[in-house]
Engineer: 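Submitted below is the structure of interest, expressed as structure tokens.
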Amino acid sequence: MAASCASTLPSLSFVSSSSSNSPRRFRRSRVVAMASVGQKVYAPGVAVSEGNGGLPKIDLKSPHGSEAEIYLFGACVTSFKVPNGKNLLFVRPDAVFNGQKPISSGGIPHCFPQFGPGPMQQHGFARNVNWSIADSEVTEGDPAVTLELKDDSYSRSMWDFSFQALYKVSLHSTSLSTTLKITNMDDKPFSFNSALHTYFRASIAGVSVKGLKGCKTLNKDPDPKNPLEGKEEREGVTFPGFVDCIYLGAPSQLILDNGLGDKIAISNSSWSDAVLWNPHQQMEACYKDFVCVENAKIETVQLEPKQSWVAEQKIELV
């Protein structure tokens, strides 16, 4: 049973020492968390604090012992710890927490409204702006928070549409669920594609991903601009070298063996495709320590005015 917000915490306002044309974007200044006069009410297990680089983040804590953290900048989940203390996600050592660049080097960065290169910046703008907290709740002790992003002058400079993105992150004892809802708030149709660029902690020599056999593949190695079409014949995909491959029509669940003794089920609805990536020696300092298994929507989604698209992901230790 979902409960309404039941604990009271000081509300936080985030003040930048330099001005910006876009209020959601933090530039070179350090972001300072300050308690405001009023009181902001969050659900039990939901707290807002100052994270790396002074960027505001949300801390989720379950009574079962699991924990997660989400940065408002980019709505990026950067940590998911199960009760035994293991963090199933990975953040690369070159990740930037300065509000100038996306926190795209780890965790679960967003790709919206564009996946990969295209007419706007790489992977779109949703990972490069500050989202707001729309709601928090608790269900049987497990906390959840919903973040919101709307169009502004910055987004419209690249993608001239009115939209609403709601991103709900729910923490459970051994799983983390996300729900992304995109709504067309404009009076004209628009189209987009999207992905969750999830980084998993791993020992790459022992990694395998099962569930992709029979899928059509678009292999970006060696030429990302001209991917080779093929079909996956392996029961378990391994990572002996550089891997950058799209799997079209992927199943609703994949099983990741992270090479560290853990098996992780990656389930989804509406994320119709998958992407596997490991840079190998292009990132010599850390490629052995992670693997990206991404839920994606490669085919363009078109929404008429007031229509919505909803996609869910669940990461669970099994």
Engineer: So, Ser175 side chain and His172 main chain: donor-acceptor pair closer than 3.5 Å or not?
Structural biologist: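 Not confirmed, Ser175 side chain does not pair with His172 backbone.
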Engineer: Where the side chain of Asn184 meets the backbone of Lys188, is there a donor-acceptor pair that is under 3.5 Å apart?
Structural biologist: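 Pair found, side chain donor or acceptor close to backbone of Lys188.
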Engineer: When you compare the side chain of Gln164 with that of Glu148, does any pair of heavy atoms fall below 4.5 Å?
Structural biologist: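 Of all side-chain heavy-atom pairs linking Gln164 with Glu148, at least one is under 4.5 Å.
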Engineer: Within the side chain of Thr198, is there an N or O that forms a donor-acceptor pair under 3.5 Å with the backbone of Glu294?
Structural biologist: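 Side chain of Thr198 to backbone of Glu294: no pair is present.
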Engineer: Quick one: salt bridge (Lys or Arg N to Asp or Glu O under 4.0 Å) pairs with a partner in residues 296-311, sequence neighbours left out?
Structural biologist: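 Pairs touching residues 296-311 that pass the test: none.
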Engineer: Check the angle between the aromatic planes of Phe112 and Phe125 and answer parallel, tilted or perpendicular using the 30° and 60° thresholds.
Structural biologist: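 Rings of Phe112 and Phe125: perpendicular, over 60°.
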Engineer: Is it true that Ile298 and Leu212 fall in one hydrophobic cluster, defined by side-chain heavy atoms closer than 4.5 Å?
Structural biologist: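 Different clusters.
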Engineer: Asp59 and Ser49: side-chain donor and acceptor closer than 3.5 Å?
Structural biologist: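 A pair is found: one side chain offers a donor N or O, the other an acceptor, under 3.5 Å apart.
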Engineer: Can Ile133 be reached from Leu166 by stepping across I, L, V, M, F, W or Y side chains whose heavy atoms are under 4.5 Å apart?
Structural biologist: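 Each belongs to a different hydrophobic cluster.
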Engineer: Answer yes when Lys213 and Glu232 have at least one side-chain N-carboxylate O distance shorter than 4.0 Å, and no when they do not.
Structural biologist: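 No.
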Engineer: Please say yes or no: joined through hydrophobic side-chain contacts below 4.5 Å, possibly via intermediate residues, are Phe200 and Ile204 part of one cluster?
Structural biologist: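 Same cluster.
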Engineer: Classify the angle between the aromatic ring planes of His123 and Phe115 as parallel (below 30°), tilted (30 to 60°) or perpendicular (above 60°).
Structural biologist: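 Aromatic pair His123/Phe115 classed tilted.
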Engineer: Same cluster or not: are Leu248 and Val243 linked, directly or through other Ile, Leu, Val, Met, Phe, Trp or Tyr residues, by side-chain heavy atoms under 4.5 angstrom apart?
Structural biologist: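 Each belongs to a different hydrophobic cluster.
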Engineer: Any side-chain donor-acceptor pair under 3.5 Å between Glu69 and Ser79?
Structural biologist: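 No.
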Engineer: With no hydrogens and no angle check, do the side chains of Asp142 and Ser62 hold a donor and an acceptor under 3.5 Å apart?
Structural biologist: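 The criterion, which ignores hydrogens and geometry beyond distance, is satisfied for Ser62 and Asp142.
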Engineer: How long is the straight-line distance from CD of Gln122 back to SG of Cys111, given to the nearest 0.5 Å?
Structural biologist: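 Between atom SG of Cys111 and atom CD of Gln122 there are 8.0 Å.
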Engineer: With a 3.5 Å distance limit and no angle check, can you tell me whether Thr217 reaches the backbone of Tyr247 through a side-chain donor-acceptor pair?
Structural biologist: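 Not confirmed, Thr217 side chain does not pair with Tyr247 backbone.
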Engineer: Does the side chain of Gln313 pick up a donor-acceptor pair with the side chain of Asn295 at under 3.5 Å?
Structural biologist: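 Yes - a donor-acceptor pair under 3.5 Å links their side chains.
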Engineer: Can you find a side-chain donor-acceptor pair between Ser177 and Ser170 that sits under 3.5 Å?
Structural biologist: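 No, because no side-chain N or O of Ser177 sits under 3.5 Å from a partner of the opposite role on Ser170.
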Engineer: Can you list every ring pair (Phe, Tyr, Trp, His ring centres under 6.0 Å) pair that touches residues 296-318, not counting sequence neighbours?
Structural biologist: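 Counting only pairs at least two positions apart or across chains, the ring pair (Phe, Tyr, Trp, His ring centres under 6.0 Å) contacts touching residues 296-318 are Phe192-Trp309, Trp271-Trp309.
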Engineer: Is it true that Tyr154 and Asn128 share a donor-acceptor pair across their side chains at a distance under 3.5 Å?
Structural biologist: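 Judged by distance alone, the side chains do pair up.
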